[in-house]
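As the structure is a computational prediction, the values presented were derived from the model and not from experiment. Below, all heavy atoms of this structure are taken into account, side chains as well, without hydrogens, waters or symmetry copies.
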There are 2 protein chains.
Amino acid sequence: MSTIKYHEPGRGVSAVDGTNKAKIERAAVWLFAEHGVDGVSTKSISQQAGVSEGLLYRYFKNKDTLARELMRAIHIRLTEMIMAASAREEGLADQVSFIVRHYCEIADDDWTLFRYHILHLHHFPALSDAPAGEWPNSPHMAAVKLLQKAMDGGAMPKGDASLLSAMALGVVLHPAQAKVLGAIDGPLSAHIPAFEAGVFAVLGLKQKEEV
Amino acid sequence: MSTIKYHEPGRGVSAVDGTNKAKIERAAVWLFAEHGVDGVSTKSISQQAGVSEGLLYRYFKNKDTLARELMRAIHIRLTEMIMAASAREEGLADQVSFIVRHYCEIADDDWTLFRYHILHLHHFPALSDAPAGEWPNSPHMAAVKLLQKAMDGGAMPKGDASLLSAMALGVVLHPAQAKVLGAIDGPLSAHIPAFEAGVFAVLGLKQKEEV
DNA sequence: GATAAGTGAGTAATCACTCATTTATAGCGT
DNA sequence: ACGCTATAAATGAGTGATTACTCACTTATC
């Protein structure tokens with residue numbers, strides 16, 4: 001696990017080593033987050049990375065593959081985090097707290113990559129459409145499965161798991177979007193207690209008492 | 001006011017008349033929502049609209065102006081709706097219900113334009129940054145002012161109005177995003193009761209009793 | 001000396017935008 | 001009705017700039 005870092009253009013992604021491949025990825029994710037995949041030229045990526053344009057094509061088949069691999073990295077990280085929460089045995093409240101906390105920490109850990117995810121996921125329908133088979137392939141579908149299991153087990157009243165999941169995620173993700181637009185500042189983690197309270201309220205769970 | 005219509009490529013925007021200008025706007029908003037401003041060529045807009053490429057420049061200075069005018073239309077419509085809610089005198093609960101209901105109805109009324117707004121607002125920093133002066137210039141800032149007034153008047157406990165506003169809006173807007181990605185279907189208006197309950201819960205308001 | 005890493009000029013396609021030209025519309029005296 | 005004219009609406013080939021990507025080549029590494 002990495003230490004927490006903010007805002008600097010393009011930390012994280014792959015290991016923060018000094019290889020040219022990592023330089024390209026860090027430059028690309030920063031530019032993609034800022035301008036969108038179609039708003040960024042391969043030339044600008046190579047310039048930002050400080051390498052030649054041709055080198056991009058030694059490590060990535062084409063621009064779209066580069067953009068998709070970066071998106072997949074954060075998409076999978078978030079999905080697996082929610083699946084990990086789902087596997088915990090301490091009850092629904094614990095699972096929800098786990099997700100809220102780790103969502104914020106993943107966002108803060110590599111804010112550039114996270115920003116790329118929330119702003120441009122829709123550019124990759126194959127990642128986000130997610131009709132989903134046995135394994136959830138998106139954060140949303142993983143959360144739906146978690147809530148469905150809780151409903152089936154009687155831990156919360158039955159309802160539209162997909163809708164409730166979207167509402168609960170929105171309590172965290174829209175503030176994240178507001179942070180992108182400059183309407184909120186500081187790390188997301190600073191607001192974990194507020195997010196927890198909000199998500200608990202939306203799901204109709206009893207707030208755990210203060211300490 | 002117009003009748004409710006769904007999904008068809010590019011209804012709404014300006015009046016749904018048959019003028020070439022309206023044809024261009026409808027084609028553009030559909031393509032911009034689908035592929036982003038930078039992912040759409042002026043040629044493709046003119047083809048989708050069934051006019052020549054040169055005609056675009058009789059009605060709009062350039063591609064970016066066209067994209068910005070369309071975004072401004074929905075951005076202002078949503079902002080003014082929230083300001084209208086703010087002017088109502090029936091109390092905070094009534095204002096919140098008003099906003100939730102009208103947000104859904106505006107989205108359903110011109111889903112293509114609304115989709116363009118939630119997916120690509122960040123492409124226009126000048127519209128979304130909104131440090132805001134006396135008059136709120138974004139839905140978020142309008143909602144913040146409403147909540148701040150409610151807090152000052154003792155209608156709800158004091159807190160971070162900007163954060164709470166983002167959380168509350170997220171209860172409606174993230175499901176809207178989920179609908180864009182195909183994880184939720186049907187008109188947003190179908191979920192108004194659930195959204196109201198969620199927003200009330202996030203804001204710590206008493207749910208009005210069932211009828 | 002062999003393989004891998006890295007370069008950047010070159011290519012055909014596409015881009016946003018212009019402008020000389022053509023087509024449609026409107027007004028008006030007869 | 002009709003022709004004549006002035007203006008507005010609409011066209012699409014043409015412009016230089018930029019695009020994603022290739023490849024013959026040079027440089028570094030073992």
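Judged purely by distance below 3.5 Å, without hydrogens or angles, the side chains of Ser44(A) and His35(A) never pair a donor atom with an acceptor atom. Side-chain atoms of Asp94(B) and Ser97(B) form no donor-acceptor pair, as typed in the model, at a separation below 3.5 Å.
At whole-Å resolution of the value, CG in Leu55(A) and C1' in dA20(D) are 16 Å apart. Going from atom NZ of Lys63(A) over to atom C1' of dT19(D) covers 8 Å, rounded to whole Å. In this structure, the NZ atom of Lys61(A) is 9 Å from the P atom of dC21(D), given to the nearest Å. Following rounding to the nearest Å, His35(B) (NE2) and dC15(C) (P) show an atom-to-atom distance of 12 Å. If you take CG of Leu66(B) and P of dA16(C), they are 11 Å apart, rounded to a whole angstrom. Spacing between atom NZ of Lys43(B) and atom P of dT14(C) amounts to 8 Å, rounded to whole angstrom units. For Tyr57(B) and dG12(D), the OH to C1' distance is 13 Å, given to the nearest whole Å. Rounded to whole Å, the distance from CZ on Arg58(B) to P on dC19(C) is 13 Å.
Distances shorter than 4.0 Å separate none of the side-chain N or O atoms of Ser52(A) from OP1 or OP2 on dG8(C). Considering only side-chain N and O atoms, Tyr59(A) lies under 4.0 angstrom from the phosphate OP1 or OP2 of dG6(C). Between dA20(D) and Thr42(A), a contact under 4.0 Å exists linking OP1 or OP2 to a side-chain N or O. Look at Asn20(A) and you won't find any side-chain N or O under 4.0 angstrom from OP1 or OP2 of dA5(C).
Contact of the Asp38(A) side chain with the His123(A) side chain is registered, since non-hydrogen atoms from C-beta on lie closer than 4.5 Å.
Between dT7(C), dC17(C), dA9(D), one nucleotide has an atom nearer to the side chain of Glu53(B) than all others, and that is dC17(C).
By the 4.0 Å N-to-carboxylate-O rule, Arg115(A) lies close enough to Glu34(A) to be salt-bridged with it. Salt bridge absent: Arg26(B) and Asp110(B) never bring a charged side-chain N and a carboxylate O closer than 4.0 Å.
Across all strands, Ser41(B) comes closer than 4.0 Å only to sugar-phosphate atoms, never to a base (heavy-atom distances).
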